Student: 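Have a look at this one.
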Amino acid sequence: MKSLYDDNVAKEFTNDLEYRVYTSRLLGGDSSLVLHGGGNTSVKSVVDGEEILFVKGSGWDLATIEAEGFAPVKLDVLKEMATLTKLSDTDMVSGQKEAMIDKTAPNPSVEAILHAIIPFKYVDHTHSDAVVTISNNENGISHIKEIYPDYLIIPYVMPGFILAQTIYHELKNIDWNSCAGIILHNHGIFTFDDDPKISYEKMIEGVTRAEHFLDANAQLIIEKFVPRAEINIENLSTILSKEKGYDVFVKVNQSPLALHYASQRDLNSIAKRGVLTPEHIIRTKRNPMIIEDGDIQKAIDSFEEEYLEYYNQFTSNEIMINPTPNWAVVKNFGTISFGKNEKEASIIEDINNHTMQAVLRADMLGGYQSISLSDCFDMEYWELEQAKLKK
Ligand SMILES: [Zn+2]
């Protein structure tokens, strides 16, 4: 991965936020680093004598972010929040909102506290495909340790307050001079520096290490398949629209990767091992529906049955999400994404493309392994997501 930082462009910048917008967009422009609202960045600056963290606001995409996409939050309030022993994510979000010096700005990212406690001016965070491909693996911990001896490595913790608190305790004993970055298992990578270019280029260097490791140990060769199965798309769309309660937009993917994936021998064990990075679950659910013999109704019934079993196993009275699939892998045909509209179906398809690639490569390293079922449930039924449903 190459640095795209251009000193000629950067020399025009006159303030911290301009640098922050520039390198955020460089990161956001690469879909192997962040996808559709994923990842976040921040800069610590001073406004009217007060230290302010400008952190990516929710609803903004790093690829297209503007200065107004960053939420300005009082740094000392965020740092104070990190020291609390208990805080619900709902209270964290409202506390952060209260600490904003511009109430019209977007809500700060749920990872704002984490950005605040890293004592460097610029903090960059991505969900790099290469890093999570290696991490989402039965041998993930040992591979990551080998590749990142100079990084702080944190086992998987749910995003939000509990992650910020975990890192707050880890950071107390850290020697910052020897820490090049942070890897969050099954989630992503952080780099930081007082200089925007160095922070960004540390990200590029960190991700390049993972890419080299994958090139050496998990070269993916996509075989050329032609579709060897048919599916009645109209029928699929009718059944799903009825189950979901709205007209479903159906997007078929028969790219070489999708066909290669759909031609794997045991789809039920290959394709049902969970998400690439936790937040994807909100869009894709944990698993796709598998259609192996053209029987759509049977596949949907079996997906819903499994979903209900998962919900019942972990629920403590959350509102159940519609138990229908958001995408399908159709044996020897390809994949199909389902959305409320074309945009949503395309986002789901993009995520699937990155996930399929990661699964196939991670299998070459010992076996793809994502977060546990119970961690999936916590993410999918996060109180912040439940709050949206209650509205
Ligand atoms: Zn993240």
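Both ligands and their constituent atoms are indexed starting at 1 by order of listing. As the structure is a prediction and not an experimental result, all values here were calculated from the model.
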Student: So, using side chain to side chain donor-acceptor pair (under 3.5 Å) as the criterion, who are the partners of Thr126 when residues are at least two apart?
Tutor: none
Student: May I ask you to determine how many protein N/O/S atoms are under 2.8 Å from the Zn ion (ligand 1)?
Tutor: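 Considering protein N, O and S only, the Zn ion (ligand 1) has 3 within range.
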Student: Could you verify whether a donor N or O on one side chain and an acceptor N or O on the other, from Asp375 and Ser372, lie under 3.5 Å apart?
Tutor: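 Result is yes, a qualifying pair exists.
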Student: A side-chain contact here means heavy atoms from C-beta on lying under 4.5 Å apart; do Phe190 and Leu152 qualify?
Tutor: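 The answer is no, as the side chains (C-beta and beyond) never meet within the 4.5 Å cut-off.
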Student: Can you name the salt bridge (charged side-chain N to carboxylate O under 4.0 Å, His left out) partners of Glu385, sequence neighbours left out?
Tutor: Lys388
Student: For Lys331, give me all partners under salt bridge (charged side-chain N to carboxylate O under 4.0 Å, His left out), at least two apart in sequence or on another chain.
Tutor: none
Student: Taking the six-membered ring of Phe338 as reference, does the NZ or CZ atom of Lys244 fall below 6.0 Å from its centre and within a 45° cone about the axis?
Tutor: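 Judged by the rule (NZ or CZ under 6.0 Å from the ring centre, within 45° of its axis), Lys244 is not positioned above Phe338.
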